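All remarks here apply to the structure that follows.
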Amino acid sequence: MPQFWKSSGMHLLTRDAHGYLAVTPDFLRAYYTRPELHPVEDSCAAEHRLFERLMADPFAPVGEQDLAAIADPDAADNYRIVLRFRDHLLAHGSIESGYAALFQAGNGIAIPPMFIDQLVHLIAHNILRKVADPLRLRAGELLFREQAATTADGQLMLADAETVETYSRTGGLGGLGALLAEAGTPLPSVSLDVLTEDNASIYWDRSDRFDTAIDVRFTEPALDAFARVLESWIAHFHGVSVRIQPQQSIRDERWSWHVGLDAEATRILNALYEGKPVGDEDLGRIVALFRLDFDSRGDAIDSMRGKPVWMGLAMGADNIVRMKPQNLLTNLPVRRRN
């Protein structure tokens, strides 16, 4: 099977007996060599010593006195952030456990959002590592990449928001495009390829470019592929089997539980559940609705046995979809086992 998502860095990690990703020295070295940490020519001797020490032993303990000795306060703060991130992952034993712990009550650790997205990228790669369907992999990008939503010609398209922004500034011409834009030169319009079942093979060579779009209308294969991604995410973290199916609407007189897959969907679903008026503008922001059923009734909490969980995904006022996969860790009615 072709390789994909090399940019995730999963090749730097190993899988433990549980199937989770274990932190390795090489994985940590990749963080230490980021531009924010790698010393430059005029960095002080203390910064160079700390860098060399961590490269030799990525797990080496670092005290506040080591950081206080660094002349550049910004560099010292960058080390504090990365080392706090490192120590959190090591304390929890794996990428998955460290990620899940970030959203437990009373955790209190501050991790840059970019680092959290990188963790999700790794976890998604681990979960989908044996998937041969490019549409499912492209749908998996929603877990860790913001998506720009557009409606045209009866389609509901999702494209990588960062890629769309870059193309809007450079016309897809990179640095040359940026120079032309600054000079006021009209740029050629650029449209991203829409990934379908017919052309899905183009994804393999472009997976790390994040430059394909998908149509997520109801009954479209990409939406079903996303449902399968959600099932895999839930199975990986909760160890339960569920069936998730796209829906056109929520018709349930016994509506008992719902999960918003992002902040906007949570707000809209909460209002609908509480019987509050929801305007057409808000309803129009809903990108997708899903019904989740547990394969085993015993996997749900007692009050939810035999009942469906409704889920929604929505775009913000800026037409950006910002999925929060952690909501599937914290908000599902899964029965906790001792």
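Predicted, not measured: the structure shown is a model, and the values here were computed from it. Position 1 is the first residue of the sequence; numbering continues from there.
Criterion: ILVMFWY side-chain heavy atoms under 4.5 Å apart, direct or through other members. Under it, Ile286 and Met315 are not part of a common hydrophobic cluster. Transitive grouping of hydrophobic side chains (ILVMFWY, heavy atoms separated by less than 4.5 Å) keeps Ile268 and Val309 in distinct clusters. Note: the hydrophobic cluster containing Val164 does not contain Val194 (ILVMFWY, side chain heavy atoms under 4.5 Å, direct or indirect links). The same ILVMFWY cluster, assembled from side-chain heavy atoms under 4.5 Å apart, contains both Val62 and Leu28. Val242 and Ile250 end up in different hydrophobic clusters when Ile, Leu, Val, Met, Phe, Trp and Tyr side chains are linked at under 4.5 Å.
With Phe210 as the aromatic partner, Arg145 meets the cation-pi criteria of under 6.0 angstrom to the ring centre and within 45 degrees of the ring axis.
For Asp87 and Arg84, the salt-bridge test fails: no basic side-chain N is under 4.0 Å from an acidic carboxylate O. One finds a salt bridge joining Asp193 and Arg206 here, because a Lys/Arg side-chain nitrogen approaches an Asp/Glu carboxylate oxygen to under 4.0 Å. Using a 4.0 Å cut-off between a side-chain N of Lys or Arg and a carboxylate O of Asp or Glu, Asp133 and Arg228 do not qualify as a salt bridge. Salt bridge absent: Lys307 and Asp252 never bring a charged side-chain N and a carboxylate O closer than 4.0 Å. Electrostatic pairing of Arg322 and Glu264 does not count as a salt bridge here, judged by no charged N lying under 4.0 Å from a carboxylate O.
Taking every heavy atom of both residues into account, Trp204 and Ala132 meet most closely at CZ2-O, 3.5 Å.
Formation of a donor-acceptor pair under 3.5 Å by the Arg86 side chain with backbone atoms of Pro58 is found in this model. For the pair Glu231 (side chain) and Ile244 (backbone), a donor-acceptor distance under 3.5 Å is present. No donor-acceptor pair closer than 3.5 Å links the side chain of Asp215 to the backbone N or O of Gln155. A distance-only check finds no donor-acceptor pair linking the side chain of Asn331 to the backbone of Val259 [under 3.5 Å]. Checked by atom type and distance alone, the side chain of Ser207 pairs as donor or acceptor with a backbone atom of Trp5 at under 3.5 Å. Between the Asp16 side chain and the Ala22 main chain, no donor and acceptor come within less than 3.5 Å of each other.
Here the side chains of Leu261 and Leu328 are in contact, with some heavy-atom distance below 4.5 Å. Side-chain contact between Leu289 and Phe218 is absent, with no heavy atoms from C-beta onward closer than 4.5 Å. Residues Gln147 and Asp160 form a side-chain contact, since some pair of their non-hydrogen atoms from C-beta on lies under 4.5 Å apart.
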Practice problem: I would like to know whether Leu313 and Asp262 meet side chain to side chain contact (heavy atoms under 4.5 Å, CB included); could you show each step before the answer? | Solution: CA-CA 6 Å; Leu313 183 70; Asp262 60 275; 3.5 Å; yes

Exercise. Would you check, one step at a time, whether the test side chain to side chain contact (heavy atoms under 4.5 Å, CB included) holds for Gln326 with Leu102?
Key: CA-CA 9 Å; Gln326 65 266 27; Leu102 292 173; over 6 Å; no

Self-check item: Intermediate values then yes/no, side chain to side chain contact (heavy atoms under 4.5 Å, CB included), Thr150 and Asn319
Solution: CA-CA 7 Å; Thr150 58; Asn319 294 338; over 6 Å; no

Practice problem: In sequence, state the C-alpha distance, the side-chain angles, and the governing distance for Arg15 and Leu21, and then conclude on side chain to side chain contact (heavy atoms under 4.5 Å, CB included). | Solution: CA-CA 5 Å; Arg15 300 178 73 244; Leu21 296 171; 3.9 Å; yes

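Taking the six-membered ring for Trp and the full ring otherwise, His121 and His125 have centroids separated by 6.0 Å or more.
For Arg254, the CZ atom sits in a loose shell: 12 or fewer heavy atoms of surrounding residues, nucleotides or ligands are nearer than 6.0 Å. Other residues, nucleotides and ligands contribute over 12 non-hydrogen atoms within 6.0 Å of the CD atom of Glu36. Remark: Glu162 CD is loosely packed, at most 12 non-hydrogen atoms of other residues, nucleotides or ligands lying under 6.0 Å away. Environment of CG in Asp280: sparse, with no more than 12 heavy atoms of neighbouring residues, nucleotides or ligands closer than 6.0 Å. Residue Glu274 places its CD atom among more than 12 non-hydrogen atoms of other residues, nucleotides or ligands, all under 6.0 Å distant.
Neither side chain, Asp211 nor Thr163, offers a donor N or O lying under 3.5 Å from an acceptor on the other. Looking only at atom types and distance, the side chain of His258 has a donor-acceptor partner in the side chain of Asn270 under 3.5 Å away.
Across Tyr31, Tyr99, Phe27, Tyr79, a single residue satisfies ring pair (Phe, Tyr, Trp, His ring centres under 6.0 Å) together with Phe85, and that is Tyr31. With Glu96 as reference, Asn126 is the one residue of Leu119, Asn126, Ile127 to meet the side chain to side chain contact (heavy atoms under 4.5 Å, CB included) rule.
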